[in-house]
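Worksheet for the structure shown next.
The residues of the chain are indexed from 1 along the displayed sequence. On a predicted model such as this, the values are computed, not experimentally measured, just so you know. Hydrogens, waters and symmetry mates play no part in the numbers below; they use all other heavy atoms, side chains included.
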Amino acid sequence: MSENSLPLAALVLAISALDAWSVVVNPRLSEREIDQIRDHCGARLLYYTVEVSDLAAAHARRHEAREVEIGPLGTLALSPLNEATLAEVVEEDGARQVAALLYTSGTTGNPKGVMLSHRNILFNASISRTLRKPTPEDIIYGVLPMSHIVGFSIILAGTLIGGSAVHIVPKYEPAALVNAVRDRGISLMFGVPTTYQRLLEYKATAGLNACPADACAAFTSPVRRWI
C-alpha cells in the first residue's frame with residue numbers, strides 16, 4: 001500500500017524475484033475499497049510505506065501493522081500474516097508466472113483483479129519502448145500511479161528496459177512539475193488529460209502567460225515528448 005516511491009519500486013521487484021504476486025494499492029482509496037481488495041486477493045502480507053504516505057500510515061494503524069526498519073527502504077509497516085492464505089502455484093516457465101495482480105477502478109462495479117504475467121508486463125514495456133523510443137539520456141516524470149497498468153508496466157518496467165531514469169513522484173502538483181522540468185532535466189512525461197489541463201491552469205493563475213524566460217522554463221523546456 002503506497003503512493004509512487006522508491007520503496008514501492010524496490011518492493012515490487014523484490015516480490016517478483018521471489019515468484020510471489022505483488023498487488024499495488026493506492027492508499028487514497030477508501031477504507032472500504034482497500035479492505036475489499038485485500039480480502040478478495042487473500043493477501044498474505046501487507047506493506048505500508050508509512051514514511052512516504054500519511055494515508056498509508058493511517059491504514060497501517062487501522063490494520064494494526066507494526067513498523068520495521070528495512071535498510072535503505074527506511075521504515076515500513078507490516079501487517080500480521082494472513083495464515084489462511086494458500087500459496088499460488090509457481091509456473092515452471094517464468095514468463096508465464098504471474099508478476100502482478102492489478103485491480104480495475106471499479107467504476108461500474110466492484111474492482112476486478114487482473115493477473116499479469118512477466119511476459120505481459122515485458123510485452124507492454126517493450127511496445128512502449130518501441131513506440132516512444134526512450135534513451136539512457138531521458139529522465140521520465142513518473143507521476144502516474146504504479147497501482148495502474150501504465151505506471152506499473154510502462155513507467156516502472158519500461159524505464160528499466162530502456163535504460164532511462166525515472167523521477168518518481170507520489171502525487172501530481174503542477175508547480176512541482178514545472179520545477180522538475182527546469183531543475184532536473186525531465187524529458188518525457190506521461191499524463192492524462194487532467195494532468196495537462198491543470199498545468200495550463202497553473203500557468204494562467206501563476207501569471208506565466210507573459211512567459212518570462214526564468215519563470216516559464218517548463219513551457220519552453222527541452223521536454224521532447226508529452227504523452
Side-chain angles (χ1 to χ4, degrees), residues 1-27 29 33-53 55-57 59-60 63-104 111-126 128-129 142 144-166 168 170:
M1 194 173 304
S2 176
E3 297 178 71
N4 286 2
S5 62
L6 287 173
L8 173 59
L11 284 170
V12 165
L13 295 174
I15 290 168
S16 175
L18 293 172
D19 285 328
W21 301 14
S22 63
V23 184
V24 181
V25 178
N26 194 324
L29 296 178
E33 290 172 311
I34 286 174
D35 292 352
Q36 188 178 48
I37 291 173
R38 177 199 61 185
D39 296 342
H40 183 267
C41 72
R44 178 168 173 78
L45 181 65
L46 278 70
Y47 292 90
Y48 311 76
T49 53
V50 295
E51 291 185 330
V52 174
S53 169
L55 291 172
H59 290 299
H63 291 157
E64 298 182 345
R66 59 186 177 88
E67 292 190 356
V68 296
E69 293 288 333
I70 305 184
L73 301 188
T75 301
L76 299 173
L78 273 64
S79 72
L81 281 179
N82 178 359
E83 301 288 358
T85 296
L86 298 178
E88 300 288 346
V89 175
V90 177
E91 297 281 352
E92 291 186 12
D93 180 0
R96 295 176 57 86
Q97 171 68 20
V98 172
L101 183 63
L102 298 184
Y103 275 78
T104 61
K112 298 172 180 62
V114 180
M115 294 183 292
L116 296 171
S117 68
H118 289 275
R119 179 176 290 159
N120 292 149
I121 298 294
L122 294 177
F123 177 80
N124 283 340
S126 297
S128 176
R129 181 187 181 191
L144 292 182
M146 293 180 192
S147 53
H148 295 292
I149 186 61
V150 174
F152 193 100
S153 67
I154 294 177
I155 294 179
L156 177 58
T159 298
L160 295 174
I161 287 177
S164 308
V166 58
I168 298 178

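- Here the shortest heavy-atom pairing between Ala77 and Val50 reads CB-CG1, 3.7 Å.
- Applying the side-chain contact (heavy atoms from CB on, under 4.5 Å) rule to Leu29 yields the partners Val25, Glu33, Ile34, Ile37; only residues at least two apart in sequence or on another chain are considered.
- In this structure, the side chains of Cys41 and Trp21 stay at 4.5 Å or more apart for every pair of heavy atoms.
- Residues Pro111 and Thr104 approach most closely at CB-O, 3.4 Å, considering heavy atoms.
- To the nearest 0.5 Å, the span separating OG on Ser147 from CG on Asn4 amounts to 7.5 Å.
- Taken to the nearest 0.5 Å, the CD atom of Gln36 stands 9.0 Å off from the OH atom of Tyr103.
- A 4.5 Å side-chain heavy-atom check between His59 and Pro27 finds at least one atom pair inside the cut-off.
- Taking both residues in full, the closest heavy atoms of Leu45 and Ser79 are given as CD1-O, 3.3 Å, listed atom of the first, atom of the second, then distance.
- One distance of note links CG of Leu144 with CD1 of Ile155; it measures 4.5 Å at 0.5 Å rounding.
- Side-chain contact of Thr75 with Glu67: a donor-acceptor pair under 3.5 Å is absent, judged by distance alone.
- Using cut-offs of 30° and 60° for the angle between ring planes, the His63 and Tyr48 rings count as tilted.
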Test side-chain contact (heavy atoms from CB on, under 4.5 Å) on Phe123 and Ser153; report intermediate values, then the result. CA-CA 9 Å; Phe123 177 80; Ser153 67; over 6 Å; no
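- The 12-atom threshold is not exceeded at CG of Leu86, counting heavy atoms of other residues, nucleotides or ligands nearer than 6.0 Å.
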Distance-only criterion, 3.5 Å: show the donor-acceptor pairs between side-chain atoms of residues 5-20 and protein atoms not counting sequence neighbours.
| residue | atom | partner | partner atom | Å |
| --- | --- | --- | --- | --- |
| Ser5 | OG | Ser2 | OG | 3.3 |
| Ser5 | OG | Glu3 | O | 3.4 |
| Ser5 | OG | Leu8 | N | 3.2 |

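- Using a 4.5 Å heavy-atom threshold, the side chains of Arg44 and Leu81 count as touching.
- In this structure the side chain of Thr49 never reaches within 4.5 angstrom of the side chain of Tyr47, judged on heavy atoms.
- At a threshold of 4.5 Å between non-hydrogen side-chain atoms, the residues Ile149 and Leu102 count as touching.
- Here the straight-line distance linking atom CD1 of Ile154 with atom NE2 of His148 works out to 13.5 Å at 0.5 Å rounding.
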If you apply the rule side-chain contact (heavy atoms from CB on, under 4.5 Å), what do you find for Arg38 with Val23, and how did you get there? CA-CA 9 Å; Arg38 177 199 61 185; Val23 184; over 6 Å; no
Verdict with reasoning, Leu76 to Leu73, per side-chain contact (heavy atoms from CB on, under 4.5 Å): CA-CA 8 Å; Leu76 299 173; Leu73 301 188; 4.3 Å; yes
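- The shortest distance between side-chain heavy atoms of Ile161 and Leu122 falls below 4.5 Å.
- Put simply, the side chain of Arg119 does not reach to within 4.5 Å of the side chain of Gln97, judged on heavy atoms.
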